[in-house]
Amino acid sequence: MSVAEDNIKKFENSNCEDNNVFYQAMEEVIYSIAPLLESDDKYSRYAILDRLVVPDRVLKFKVVWMDDNQKVCVNTGYRVQFNNSLGPYKGGLRFHPTVTEGVLKFLGFEQILKNSLTGLPIGGAKGGSDFNPKGKSDFEIMKFCSAFMTELHKYIGPRIDIPAGDIGVGSREIGYLYGEYKKITSSYEGVLTGKPYMFGGSLMRPEATGYGVVYFTNTMLEIESKDSLEGKVCCVSGAGNVALHVIEKLQDIGAMAVTCSDSNGTIYDPRGVDLALLKELKLEKRLSLEGYLLTHPESKFFPAYQYEEDSHAVWDIPCYAAFPCATQNELTEKDAQNLISNGCVSVTEGANMPCTREATDIFLSHNICFGPAKAANAGGVVVSEFEMSQNASMTKWSYEKVDEKLKEIMQQICTRIALTAKDYGVEGNYVDGANIAGFKKVADAMIAEGI
Ligand code: NDP
Ligand code: 2IT
């Protein structure tokens, strides 16, 4: 039995109930790092893998709050503090009805390796709640955030654990969470990132993940001697923070994003997505994408309910580069085949693990340039770390400084994982390159820190 198969079997028991996505993320890493484990037995002597796949702790708590009709509501809150070998626990909070411990373990595990790849001193964590922000009033969001922080504040701190945003958590929610933390602790410190600029947020944090995805993609295309994105048609899924800023940066550099999507369906606008309208619909008014048709009747809307679970309208549209930016496992085997048949050359994961294992394998076997999430979407956490630095030193960096440093780190991540893949005999495989490079740094730190 190979090292990878041996390890897969060992951890199979953790595949309980809601752990499927966690197991999926772990399995990919186990296969990728097999050559590293075979090349040096110190990793097995120190039981690094056994230690890395178990979070340091999982905090689970009850969140009780009152809605606008004075109904008492109960949700579950979590913080999975996974690993702090490289720095304090760091990672986002997700508010979505699909949140479970298993989902947060998958996201926290990915975050360890992502944060390691940035080269910055940050460990890995994730948290959130099964609270559904959709349709809630601003006041209800505030009440929920206050109740959530009443528990969470016990476990976080600027040198302990620094949460940020993710699905359903943007600067509005971070503002309310921060306000409550400050009220409870009387401490004005950088305990959350993604704060509004006026009280400690970094310039460019909202744009960082999406812009970073585009910087990463152009570096990958250059290394692989492919045409850059300029002038090319691109398909983007999602219509949230990451998708909007991928579309914005694509437009900035002269590429054309022709799609976006939300949980109700996909918009295809062959003349290029109207970003101002998209921001108005999704950021200001928080409405469904269908409203796009009212002022753009020449575009098309494909309702999600008309599609089987294994295929999605957004990946059926011909493009040079694809950017899945909504949620996990949103791009399937069939979608991957459609993209390739339509001539797609490059796929970059803006969301966390948006491609199923089968879809990823198809892209790799067809030599598609494939940028894995833990490398390609690291720009968000990179600028979060810049926000921590600015807060700690009570300074503010200019937009140009943040952008320049972000671009430099995205290029470094891309180059490093390309070189790592080459060193381990899998040239062009950015999945293996990212997993090996990310794992090695954390593993070496764990060994150096003793057991
Ligand atoms: P947002 O909440 O801003 O947007 C999420 C988007 O995805 C919305 O358009 C939403 O549609 C859609 N979506 C969410 N869940 C589903 C689902 N189950 N089915 C279909 N559509 C869905 O989140 P972000 O843009 O911040 O996050 C998107 C992805 O990027 C996530 O995977 C997140 O983990 C990842 N990410 C985010 C970072 C950040 O800095 N924010 C950093 C790195 C990664 P609708 O509007 O209908 O709900
Ligand atoms: O998945 C992610 O990297 C994020 N949601 C951002 C984490 C952060 O701490 O900024």
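Remember, it's 1-based here, ligands and their atoms both numbered in the order they're listed.
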Exercise for the section: Decide yes or no for Ile223 and Tyr430: does some side-chain heavy atom of the first lie under 4.5 Å from some side-chain heavy atom of the second? Expected result: yes

Using residues 266-284 as the side-chain source, report each donor-acceptor pair under 3.5 Å to any protein atom, sequence neighbours left out, with the distance given to one decimal.
from, atom 1, to, atom 2, distance (Å)
Asp269, OD1, Arg271, N, 3.2
Asp269, OD2, Tyr292, OH, 2.7
Arg271, NH2, Glu298, OE2, 2.5
Asp274, OD1, Ala276, N, 3.2
Asp274, OD1, Leu277, N, 3.1
Asp274, OD2, His296, NE2, 3.1
Lys279, NZ, Glu248, OE1, 2.5
Glu280, OE2, Lys285, NZ, 2.7
Lys282, NZ, Asp262, OD2, 2.8
Lys282, NZ, Leu287, O, 3.0

Problem - Note, Leu221 side chain near Tyr320 side chain (heavy atom, < 4.5 Å) - result: yes

Problem - Side-chain touch Glu28/Met353, heavy atoms, less than 4.5 angstrom - result: no

Practice task
Compute the centroid of each ring, for Tyr188 and then for Tyr178, and state whether the two points are separated by less than 6.0 Å.
Solution key: yes

Distance-only criterion, 3.5 Å: show the donor-acceptor pairs between side-chain atoms of residues 232-246 and protein atoms not counting sequence neighbours.
from, atom 1, to, atom 2, distance (Å)
Lys232, NZ, Asp227, OD2, 3.2
Ser237, OG, Cys325, N, 3.0
Ser237, OG, Glu330, OE1, 2.8
Ser237, OG, Glu330, OE2, 3.3
Asn241, ND2, Pro206, O, 3.0
His245, ND1, Pro206, O, 3.2
His245, ND1, Asn241, O, 2.8

Practice task
Indicate whether any N or O donor in one side chain lies under 3.5 Å from an N or O acceptor in the other, for Lys440 and Thr420.
Solution key: no

Handout entry: Pair Phe106 + Tyr23: ring centers closer than 6.0 Å
Key = no

Need the list: ligand 2 N/O atoms against protein N/O atoms, distance under 3.5 Å, rounded to one decimal.
from, atom 1, to, atom 2, distance (Å)
ligand 2, 1 (O), Gln111, OE1, 3.4
ligand 2, 1 (O), Lys114, NZ, 3.0
ligand 2, 1 (O), Lys126, NZ, 3.1
ligand 2, 1 (O), Asn352, ND2, 3.1
ligand 2, 3 (O), Gln111, OE1, 3.4
ligand 2, 3 (O), Gln111, NE2, 3.1
ligand 2, 3 (O), Lys114, NZ, 2.8
ligand 2, 5 (N), Lys126, NZ, 3.3
ligand 2, 5 (N), Gly165, O, 3.0
ligand 2, 5 (N), Asp166, OD1, 3.0
ligand 2, 9 (O), Lys90, NZ, 2.7
ligand 2, 10 (O), Arg205, NH2, 3.0
ligand 2, 10 (O), Ser384, OG, 2.6

Handout entry: Residues in contact with ligand 1, criterion: heavy atom under 4.0 Å
Key = Arg94, His96, Lys114, Lys134, Asp166, Ile167, Gly168, Arg205, Thr209, Gly238, Ala239, Gly240, Asn241, Val242, Ser261, Asp262, Ser263, Lys282, Cys325, Ala326, Thr327, Gly350, Ala351, Asn352, Asn377

Problem - Ring centers of Phe95, Phe144 separated by less than 6.0 Å - result: yes

